[in-house]
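Counting starts at 1 for both ligands and their atoms, following the listed order.
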Amino acid sequence: MKSNIELIFEKGNENYQPNFIPKMDIKEVDINKILSKNLQRKDLPIPNIPEIEIIRHFIKLSNKNYGVDTGIYPLGSCTMKYNPKVNEDIARLPGIANIHPLQEENKGCLELIYQLSKLLEEITGMDGFTLQPAAGAHGELAGLLIMKKYFESKGIKKKKIVVPDSAHGTNPASAKMAGFSIIEIKSNKNGEVPLDQLEFAMHEGDVAGIMLTNPNTLGIFDREIKEITRIVHENGGLCYYDGANLNPMLGICRPRDMGFDIVHLNLHKTFSTPHGGGGPGSGPIGVVNELIPFLPKPCLISTEQGIVCQENNDKSIGRIKAFWGNFGVIVRAYAYILALGAEGLKKVGQIAVLNANYLRTQLQKKYYLPFNRICQHEFVLSDKDMPNEVTTEDIAKRILDYGIYAPTIYFPLIVSGALMIEPTETESKHSLDYFVYVMNKIYEEAKENPEIIKKAPLNMPIKRLDAVQAARNPILHD
Ligand SMILES: *Cc1c(COP(=O)(O)O)cnc(C)c1O
């Protein structure tokens with residue numbers, strides 16, 4: 001049954017009178033003089049509701065929401081860390097928020113974009129950057145199109161990309177979209193890329209290179225990374241680094257030094273933009289000198305007249321986003337990096353790793369840890385050995401009852417019943433300890449009272465959904 005407020009919002013009520021708002025006392029303009037008929041809307045069905053009811057409606061909805069401002073959000077591979085509010089204030093300064101990219105006075109903004117590229121070059125070790133891609137997956141696509149164009153420009157046909165089975169799901173999807181077919185490599189028992197299999201795959205001949213995340217989605221740093229990139233290069237390939245979750249590497253290790261040629265970063269994960277729910281993101285890509293001519297157009301270059309925009313580059317893969325990308329995200333990342341400085345960024349990396357290893361060592365006392373070694377920003381548990389056949393889904397649902405967002409579940413696919421936990425560097429010891437307390441409590445419940453867990457969540461506005469029905473027979477509206 002719907003509450004009154006929801007009903008009011010949907011229906012409105014023509015009897016409501018707007019309170020206190022005086023009648024308009026300026027002359028109404030003749031709309032036909034400004035807009036031609038074909039651009040005018042016939043009607044706009046806005047419900048007639050007093051302001052107080054609208055406010056209550058949205059506040060009520062927002063109270064049902066959960067975010068990193070509400071509590072710990074250990075969603076592996078998503079880096080749901082706290083983003084300082086000062087970066088929000090800066091992105092909302094009128095001169096930044098209200099500027100139009102076609103305005104003449106946008107020099108300061110172009111300068112900011114250019115300066116952020118320089119900082120990202122320093123952080124990753126790459127030679128050139130574009131900030132145009134709107135998300136990690138968009139950066140991957142752009143990076144792979146660059147790879148393709150690079151080989152085409154040399155008159156070489158390359159059709160395949162090597163992707164380890166520990167990769168993020170977007171990697172094979174982007175490779176496919178860029179027109180490559182995928183050679184999947186199975187991780188070895190340490191969660192790393194087996195060199196002999198990589199060598200074997202590269203010998204297929206028409207392999208453009210490898211896409212790799214390091215640390216991978218198990219949170220494991222591949223100790224043979226220099227050897228991996230060497231093998232790929234030796235066989236005429238390029239190395240693509242998925243740097244979506246760069247946190248643990250910040251100030252400690254650079255993709256370029258590992259031997260990579262192309263890297264994408266997720267500014268909305270690592271560099272302080274709140275994300276989730278499909279909001280604007282940014283997935284800049286950095287490349288080595290040889291690939292700079294292939295970057296998307298337009299490029300920004302520094303001249304004596306200041307930063308200018310260069311359009312005439314015929315090797316470029318072309319334009320991949322309107323104007324300069326999601327500028328607000330770029331501003332937040334710039335403010336964040338300048339505020340932290342080199343030392344601060346290094347600390348981010350160290351604490352991201354420390355927090356994850358603290359949780360790992362606490363939780364592995366009860367939960368099964370398939371890859372038992374020091375992790376980076378995240379680690380993966382599984383429901384193997386859980387009492388009374390309690391599953392990963394049960395655990396994730398029960399966590400919600402304790403006021404915590406659930407970890408990523410059933411991913412990566414190489415661990416059956418995976419629970420992928422990433423605490424991030426912004427959680428305090430107090431909040432990590434609460435998470436451990438909840439996980440231990442759930443383990444005890446699994447032993448003593450599994451029925452509670454199998455029915456969970458019990459305290460949420462929506463109870464356990466019938467996932468099979470929802471997939472087979474989706475009801476998308478009521
Ligand atoms: C999140 C993520 C991506 C994709 O980024 P989007 O912005 O969601 O497109 C790619 N790789 C890894 C490792 C990620 O964690």
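In this structure, Arg92 pairs ionically with Glu88, as a charged nitrogen and a carboxylate oxygen lie closer than 4.0 Å. Looking at Glu192 and Arg373, a side-chain N of the basic residue comes within less than 4.0 Å of a carboxylate O on the acidic one, giving a salt bridge. A salt bridge does not link Glu152 with Lys154: none of the charged nitrogens is closer than 4.0 Å to a carboxylate oxygen. Using a 4.0 Å cut-off between charged side-chain N and carboxylate O, Arg256 and Asp261 make no salt bridge.
Every residue two or more places apart in sequence or in another chain that forms a side-chain contact (heavy atoms from CB on, under 4.5 Å) with Lys384 is listed here: Tyr368, Ser382.
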TODO: List the steps and the verdict of side chain to side chain contact (heavy atoms under 4.5 Å, CB included) for Val163 and Ile210.
DONE: CA-CA 6 Å; Val163 182; Ile210 191 169; over 6 Å; no
Which pairs of N or O atoms, one from ligand 1 and one from the protein, are separated by less than 3.5 Å, and what is the distance for each pair?
| from | atom 1 | to | atom 2 | distance (Å) |
| --- | --- | --- | --- | --- |
| ligand 1 | 5 (O) | Asn266 | ND2 | 3.0 |
| ligand 1 | 7 (O) | Gly136 | N | 2.8 |
| ligand 1 | 7 (O) | Asn266 | ND2 | 3.3 |
| ligand 1 | 7 (O) | His268 | NE2 | 2.7 |
| ligand 1 | 9 (O) | Gly136 | N | 3.3 |
| ligand 1 | 9 (O) | Ala137 | N | 2.8 |
| ligand 1 | 11 (N) | Asp242 | OD1 | 3.2 |
| ligand 1 | 11 (N) | Asp242 | OD2 | 2.5 |
| ligand 1 | 15 (O) | Ser77 | O | 2.7 |
| ligand 1 | 15 (O) | Ser77 | OG | 2.8 |
| ligand 1 | 15 (O) | Asn245 | OD1 | 3.0 |
| ligand 1 | 15 (O) | Lys269 | NZ | 2.7 |

